[in-house]
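Okay, so here's the structure we're looking at.
Please read these numbers as outputs of a predicted model, since none were measured by experiment. In each ligand, atom 1 is the first atom listed, and ligand 1 is the first ligand listed.
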Amino acid sequence: MNILIINSGSSSLKYQFFKMPDQQPLSAGIVERIGKENCFIRHKVQKDGVEKLTESTFFVKDHAEGLQKVVQLLTDFETGIIENINEIEVVGHRVVHGGEDFTTAVMVTDEVKEKIRSLFSLAPLHNPVNYKCIEIAEKTFPNAKQVAVFDTAFHQSMPEYAFRYAIPEKYYAEMRIRAYGFHGTSHKYVSAAAMAWMGKPDAKIISIHLGNGCSITAVDSGKSLDTSMGFGPLSGLIMGTRSGDIDPSVILHLLRQERRTPDEMDILLNKQSGMLGLTGHSDMRDVRKLLEMGNYDAELASDMYAYRIKKYIGSYAATLNGLDAVIFTAGVGENDPQMRERVCRDMEFLGLKIDQDANRIKSSDIKEISSAESRVKILVVPTNEEFEIARQSFELLSEEPPCEQVELY
Ligand SMILES: Nc1ncnc2c1ncn2[C@@H]1O[C@H](COP(=O)(O)OP(=O)(O)O)[C@@H](O)[C@H]1O
Ligand SMILES: CC(=O)OP(=O)(O)O
Ligand SMILES: [Mg+2]
């Protein structure tokens with residue numbers, strides 16, 4: 001089954017092309033820094049056992065333009081993997097917010113699209129883009145089945161005492177105001193990979209996804225117990241452009257004192273805050289350059305970023321009543337050893353001790369970075385939301401037995 005996966009995040013568009021049930025993608029790539037001058041695309045293709053890489057820098061205004069560029073690359077004689085658009089049988093889409101309605105992958109119908117649209121305001125950096133990508137894919141690949149896999153689905157296992165907010169009950173009953181949680185496909189994939197690697201299906205795990213958006217999840221025996229993002233993907237950790245946790249009275253104060261509109265507050269908290277608000281840069285690679293120059297704001301922001309993660313590790317170790325492993329994943333989690341070190345510093349009390357040398361070794365595979373005396377394993381697990389979406393799409397559409405992720409390791 002030929003499956004193209006489209007994963008649009010807040011700053012990037014990732015894609016992979018699989019011949020399922022093969023787990024190795026025949027093509028994979030990323031359009032990074034969308035909307036910025038230094039946007040670039042990295043496109044890989046496997047042909048006759050040889051990998052070919054194409055990299056270019058150009059300006060891509062938005063995710064829609066990025067996806068059109070990807071389609072060109074996939075069908076081009078030199079860089080492509082398919083000759084004809086109709087060779088794509090399934091397009092699997094990452095959709096960030098699915099509310100309470102979706103616990104598994106679903107075929108995209110008019111009703112599903114309407115639901116995605118109704119959640120635009122709750123995930124403003126994501127759902128509109130995810131929706132647009134579905135519409136473009138429907139037009140570009142008219143014969144393909146479209147499948148949606150929701151970030152929120154994995155977190156539907158959270159107990160009610162964890163997902164409810166302490167506001168009058170009618171807001172939950174009538175408006176479904178509760179915590180939903182995001183990055184579920186990533187947390188599910190990396191925690192399953194870690195459980196398989198440890199050979200421990202009942203492991204208590206804290207999964208830390210640090211990309212442009214950041215979230216942390218407590219996973220017990222493969223089930224999400226609690227997570228830092230809530231009603232929308234804005235609460236919890238400090239992110240590239242999002243504030244993460246903030247006392248709601250600050251928002252009320254700004255609404256009153258500066259007479260800000262809700263839309264202005266939305267822009268402030270979602271697009272102008274986080275590392276961008278603190279240092280002028282949302283991309284951790286740029287923050288690191290500032291750190292190397294001894295910049296005070298970058299040092300403070302990095303400490304704040306790590307401190308917030310530490311607080312969640314402590315609280316989730318308590319709610320899990322134990323801890324077997326901590327996982328770092330996504331753009332920052334996989335590639336920034338300094339930030340991992342900053343997070344794990346002075347955590348011996350909880351049984352975490354990093355091995356400085358192992359932490360600096362680059363690997364595209366799962367790797368252990370805890371020292372021999374660390375009671376808790378510290379792991380770097382490369383996330384693969386695209387494969388997880390392909391696996392779920394394949395299971396939805398085929399009669400084949402499920403392809404176990406365990407085979408990966
Ligand atoms: N080598 C690196 N060192 C530090 N940070 C990195 C590196 N590569 C990527 N990143 C960070 O990862 C972020 C993107 O992560 P990613 O998981 O791809 O984000 P998203 O899916 O939210 O768009 C970038 O904004 C950057 O901060
Ligand atoms: C939900 C979310 O924040 O996603 P991303 O990190 O891909 O922007
Ligand atoms: Mg992402």
Q. What are the two closest non-hydrogen atoms of M239 and G213, and how far apart are they?
A. SD-CA, 3.8 Å

**Q.** Which segment of M339 sits under 4.0 Å of ligand 1 when only heavy atoms are counted
**A.** neither

Q) Against heavy atoms of A330, which atoms of ligand 1 measure under 4.0 Å? A) 17 (O)

In residues 300-308, what donor-acceptor pairs under 3.5 Å come from side-chain atoms, sequence neighbours left out?
residue, atom, partner, partner atom, Å
S302, OG, A298, O, 2.8
D303, OD1, R342, NH1, 2.8
R308, NH1, G236, O, 2.9
R308, NH1, D245, O, 3.4

Q | F58-F40 aromatic ring centre distance below 6.0 Å | A | no

Q. Where the closest heavy atom to atom 3 (N) of ligand 1 is concerned, which of R288, H209, H281 has it?
A. R288

Side chains of [Y] and [X]: any donor to acceptor distance under 3.5 Å?
X	Y	answer
T54	H43	no
H187	S215	yes
T383	E385	no

Q) N/O of S12 under 3.5 Å from N/O of ligand 1, yes or no? A) yes

Q: Report the C-alpha distance between S363 and D365 in whole Å, list the side-chain angles of each, state the deciding distance to 0.1 Å, and finish with yes or no for side-chain hydrogen bond (donor to acceptor under 3.5 Å, both in side chains).
A: CA-CA 5 Å; S363 163; D365 233 336; 5.6 Å; no

Q) In Å and rounded to the nearest 0.5 Å, what is the CD1 to NZ distance from I205 to K377? A) 12.0 Å

What's the shortest distance from [atom] to any protein heavy atom, and which residue and atom give it?
atom	result
atom 17 (O) of ligand 1	G331 N, 3.1 Å
atom 11 (C) of ligand 1	V332 CG2, 3.6 Å
atom 5 (N) of ligand 1	M284 CB, 3.7 Å
atom 26 (C) of ligand 1	D283 OD1, 3.2 Å
atom 14 (C) of ligand 1	N212 N, 3.9 Å
atom 9 (C) of ligand 1	R285 CZ, 3.6 Å
atom 21 (O) of ligand 1	K14 NZ, 3.2 Å
atom 2 (C) of ligand 1	N335 CB, 3.3 Å

Q: Non-hydrogen atoms closer than 4.0 Å to ligand 2: which protein residues do they belong to? List them by chain and number, please.
A: G9, S10, R94, V96, H126, D151, F182, H183, G213, M229, P233, R242

(Q) Taking the six-membered ring of F163 as reference, does the cationic atom of R178 (NZ for Lys, CZ for Arg) lie under 6.0 Å from its centre and within 45° of its axis? (A) yes

Q | Heavy atom of G213, distance to ligand 1 below 4.0 Å | A | yes

Q: Measure up the F387 and Y189 rings against each other and bin them: parallel (under 30°), tilted (30 to 60°), perpendicular (over 60°).
A: perpendicular

Q. Is the H183 ring parallel, tilted or perpendicular to the H209 ring (thresholds 30°, 60°)?
A. parallel

Q: In sequence, state the C-alpha distance, the side-chain angles, and the governing distance for K200 and D202, and then conclude on salt bridge (Lys or Arg N to Asp or Glu O under 4.0 Å).
A: CA-CA 5 Å; K200 199 169 174 13; D202 59 348; 3.1 Å; yes

